[in-house]
Novice: 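Input: one structure, supplied below.
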There are 2 protein chains.
Amino acid sequence: MALRYALMAALHEAPATGYELTQRFRSRLANVWNASHQQVYRELARLLEDNKLLVETVAQSDKPDKKRYHLTIAGRKDLEEWLNTPQPRPPVRDPLLVKLFAGDLLDSDVLKEDIEKLKQDWLAQLGYFRSIEHTYFRQPSALSRQYRLQYMALRRGITQITAGLEWLEELETTLEELDDAP
Amino acid sequence: MALRYALMAALHEAPATGYELTQRFRSRLANVWNASHQQVYRELARLLEDNKLLVETVAQSDKPDKKRYHLTIAGRKDLEEWLNTPQPRPPVRDPLLVKLFAGDLLDSDVLKEDIEKLKQDWLAQLGYFRSIEHTYFRQPSALSRQYRLQYMALRRGITQITAGLEWLEELETTLEELDDAP
DNA sequence: GCTCAATATGCAACTTGTTGCATAAAGGAG
DNA sequence: CTCCTTTATGCAACAAGTTGCATATTGAGC
């Protein structure tokens, strides 16, 4: 049910094609929602069927045609209702923590590689989020309510990753101590 | 695929019934994995079919019978292989951030209720995790590698919630500023 | 010239997760 | 005495998410 509303929220911000929405999910909305392009296209077709969206076909001479989707009045209303009712928090399912939980079967070198990979991913993500912060949210107090709330969504991403990186440091320290005194 | 291994990891720690596993997912493993009892029973049946588990039927005079599951050698080996290969990080899908993203359609009072509810949930969760920390992990440096790694899984839960609560404060401050100067 | 990545869309099959229901007995609240 | 919660298990239908494949064009790198 929620993917519909993630898509509608993105389209409420600005009309877009399925391809563009998929890209937003992978970049600017990386800490908000993610979905594969297949899932996006399928859900857009359903939303269109339900009259929550309109299509505008954009012919392109060089590349394949685009279908730009717009939120309808009904769609906007539907989104508004959803936004103003309580929603569940995201489920927790973290393979890395499963690994730690069965730590006695886990090889230390493998774990160190996992940590290094995760750290690199998170650092790249953090750099990206910080660049958005720097370019679009220099003086949050001067912004409209709408943009300040969007900024808080971005802040969530930044603080989550920062906390994650600090925890990774703690984990690395633990592993070093275990190496020193086995 | 990963639920299998979450279950196997829990059973590797200690044999248990489907009911007990469901309870662990809701309490001590709340920051690691979650699954409904229906999902747990279904997956246990599959694991049994695949000879990764053994059942021990425990007759009870007063309550209904129990089925206690044990990890087999094959199951343990399977788990070990999984643990030592790279696993994907959890997908990101947060309805609250979707709400903030379409903040112009979101009522401030509704948002404040969402925040209050989430804060209470997180505080309860944090209190619970801290009580585990206090009772079982007083001197982490004195523990075996296995338990130190389990402790780091718990630490992840604690630091995640702590960061979440700090972000909620930031969000509340933003809302107050918006209320003062509209 | 050839291969690979990016743009742009989608179908089909499958796995995972959710929701609703069912059964059965004990013990506590009212 | 009746209703609700806890313990204990599970089926069935459905929704959501993943994986593999398909097509068509442009531009960049080797």
Side-chain angles (χ1 to χ4, degrees), chain A residues 1-8 11 15-27 29-30 32-50 53 55-69 82 87-95 98, chain B residues 1-8 11 15-27 29-30 32-50 53 55-69 82 87-95 98:
Chain A
M1 240 344 37
L3 170 61
R4 294 175 78 82
Y5 296 100
L7 286 167
M8 284 196 258
L11 289 174
T17 66
Y19 188 78
E20 286 161 1
L21 288 164
T22 307
Q23 284 183 130
R24 277 197 228 170
F25 281 154
R26 273 200 311 242
S27 54
L29 300 181
V32 175
W33 205 269
N34 70 53
S36 64
H37 68 95
Q38 292 95 330
Q39 225 188 330
V40 168
Y41 287 122
R42 185 173 52 181
E43 201 60 42
L44 286 173
R46 285 174 188 163
L47 284 164
L48 193 65
E49 182 67 26
D50 294 345
L53 305 182
V55 225
E56 166 204 0
T57 306
V58 183
Q60 295 184 121
S61 51
D62 47 349
K63 291 170 203 166
D65 282 8
K66 279 186 193 178
K67 290 184 181 179
R68 194 184 319 285
Y69 292 90
W82 182 87
Q87 298 305 327
R89 355 185 221 148
V92 176
R93 285 178 197 115
D94 192 333
V98 172
Chain B
M1 235 358 22
L3 170 61
R4 294 176 79 84
Y5 296 100
L7 286 167
M8 284 196 258
L11 290 172
T17 66
Y19 188 78
E20 287 161 0
L21 288 163
T22 308
Q23 284 182 131
R24 277 196 229 171
F25 281 155
R26 273 200 312 243
S27 55
L29 300 181
V32 175
W33 204 268
N34 70 54
S36 64
H37 69 94
Q38 294 94 330
Q39 225 188 329
V40 168
Y41 287 123
R42 185 174 54 182
E43 200 60 42
L44 286 173
R46 286 175 188 161
L47 284 164
L48 192 66
E49 182 67 26
D50 295 345
L53 306 182
V55 225
E56 165 203 359
T57 306
V58 182
Q60 296 183 120
S61 50
D62 47 350
K63 291 171 204 167
D65 283 7
K66 280 185 194 181
K67 290 183 181 180
R68 192 181 321 284
Y69 292 90
W82 183 86
Q87 298 304 329
R89 1 184 216 147
V92 176
R93 284 177 198 116
D94 192 333
V98 172

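Keep in mind that what you see is a predicted model, and the values were worked out from it rather than measured. Quick note on labels: first sequence line is chain A, next is B, and so on, each numbered from 1.
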Novice: So what does Arg68(A) hit on the nucleic acid, given a heavy-atom distance under 4.0 Å: a base, only sugar-phosphate, or nothing?
Specialist: nothing

Novice: Measure distances between side-chain N and O atoms of Gln39(B) and base N and O atoms of dG10(D), and say whether any donor-acceptor pair falls under 3.5 Å.
Specialist: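 No, no donor-acceptor pair under 3.5 Å.
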
Novice: In whole Å, I'd like the distance from the CG atom of Leu44(B) to the P atom of dG17(C).
Specialist: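 That distance rounds to 14 Å.
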
Novice: For the helix from dG1(C)-dC30(D) to dG30(C)-dC1(D), figure out the bend between the end axes, five pairs an end, and round to 10 degrees.
Specialist: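 Roughly 30°, once rounded to the nearest ten degrees.
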
Novice: Nearest whole Å is fine: how far is dT18(D) C1' from Leu3(A) CG?
Specialist: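 The answer, rounded to whole Å, is 13 Å.
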
Novice: Rounded to the nearest angstrom, tell me the gap between atom CG in Leu7(A) and atom P in dG17(D).
Specialist: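 So the CG-P distance, Leu7(A) to dG17(D), works out to 10 Å.
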
Novice: Return no unless some side-chain N or O of Arg93(A) is found under 4.0 Å from OP1 or OP2 of dG17(C).
Specialist: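 Checking Arg93(A) against dG17(C): at least one side-chain N or O falls below 4.0 Å of OP1 or OP2.
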
Novice: What is the distance from OH of Tyr41(A) to C1' of dT18(D), rounded to the nearest Å?
Specialist: 17 Å

Novice: Name the residue from Lys67(B), Arg68(B), Lys66(B) that meets the salt bridge (Lys or Arg N to Asp or Glu O under 4.0 Å) definition with Glu56(B).
Specialist: Arg68(B)

Novice: Can you say whether a donor on the side chain of Arg42(A) sits under 3.5 Å from an acceptor on the base of dG17(D), or the other way round?
Specialist: yes

Novice: Without decimals, in angstroms, what is the distance between Arg89(A) CZ and dG17(C) P?
Specialist: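 Value for this atom pair: 18 Å.
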
Novice: State, with a plain yes or no, whether a side-chain heavy atom of Tyr69(A) is found less than 4.5 Å away from one of Thr17(A).
Specialist: no

Novice: Indicate, with a heavy-atom threshold strictly under 4.0 Å, whether Gln38(B) touches base, sugar-phosphate, or nothing.
Specialist: base

Novice: DNA chain D: Arg26(B) or Pro91(B), which has the more 5' nearest nucleotide?
Specialist: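 Looking at the nearest nucleotide for each, Arg26(B) comes out on the 5' side.
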
Novice: Just how far, in rounded Å, is P of dG17(C) from CG of Asn34(B)?
Specialist: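 Going from CG in Asn34(B) over to P in dG17(C) covers 9 Å.
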
Novice: Which pairs pass side-chain hydrogen bond (donor to acceptor under 3.5 Å, both in side chains) with one or both residues in residues 40-50 of chain A, sequence neighbours excluded?
Specialist: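 Matches after skipping sequence neighbours: Arg4(A)-Glu43(A), Arg4(A)-Asp50(A), Glu43(A)-Arg46(A).
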
Novice: Any side-chain heavy atom of Leu3(B) within less than 4.5 Å of one from Leu47(B)?
Specialist: no

Novice: How about Trp82(B) and Pro95(A): do any of their side-chain heavy atoms sit closer than 4.5 Å?
Specialist: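 When only atoms from C-beta onward are counted, Pro95(A) and Trp82(B) do touch, with a gap below 4.5 Å.
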
Novice: At under 4.0 Å, does any side-chain N or O of Arg4(B) touch on OP1 or OP2 of dT15(C)?
Specialist: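 No.
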
Novice: Whole angstroms only, please: what is the CZ-C1' distance between Arg46(B) and dG17(C)?
Specialist: 11 Å

Novice: Would you say that Leu21(A) contacts Leu11(A) through its side chain, given a criterion of any heavy-atom pair below 4.5 Å between the two side chains?
Specialist: yes

Novice: Looking at CG of Leu44(A) and CE of Met8(A), how far apart are the two atoms once the value is rounded to the nearest 0.5 Å?
Specialist: 10.5 Å

Novice: I want to check something: taking the side chain as every heavy atom from C-beta on, are Val92(B) and Trp33(A) in contact at a cut-off of under 4.5 Å?
Specialist: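 No, side chains not in contact.
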
Novice: Short question: side chain of Arg93(A), backbone of Val32(B) - any donor-acceptor pair under 3.5 Å?
Specialist: no

Novice: Could you identify which residues of residues 16-25 of chain B place a heavy atom less than 4.0 Å from some atom of DNA chain C, listed by residue number, or say none?
Specialist: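 Output list: empty, so none.
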
Novice: Whole angstrom is fine here: how far is it from NE2 in His37(A) over to P in dA5(C)?
Specialist: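 It is 15 Å, rounded to the nearest whole Å.
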
Novice: Measuring from atom CZ of Arg24(A) to atom CZ of Arg26(A), what distance do you get when rounded to the nearest 0.5 angstrom?
Specialist: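 Spacing of CZ (Arg24(A)) from CZ (Arg26(A)) equals 13.5 Å.
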
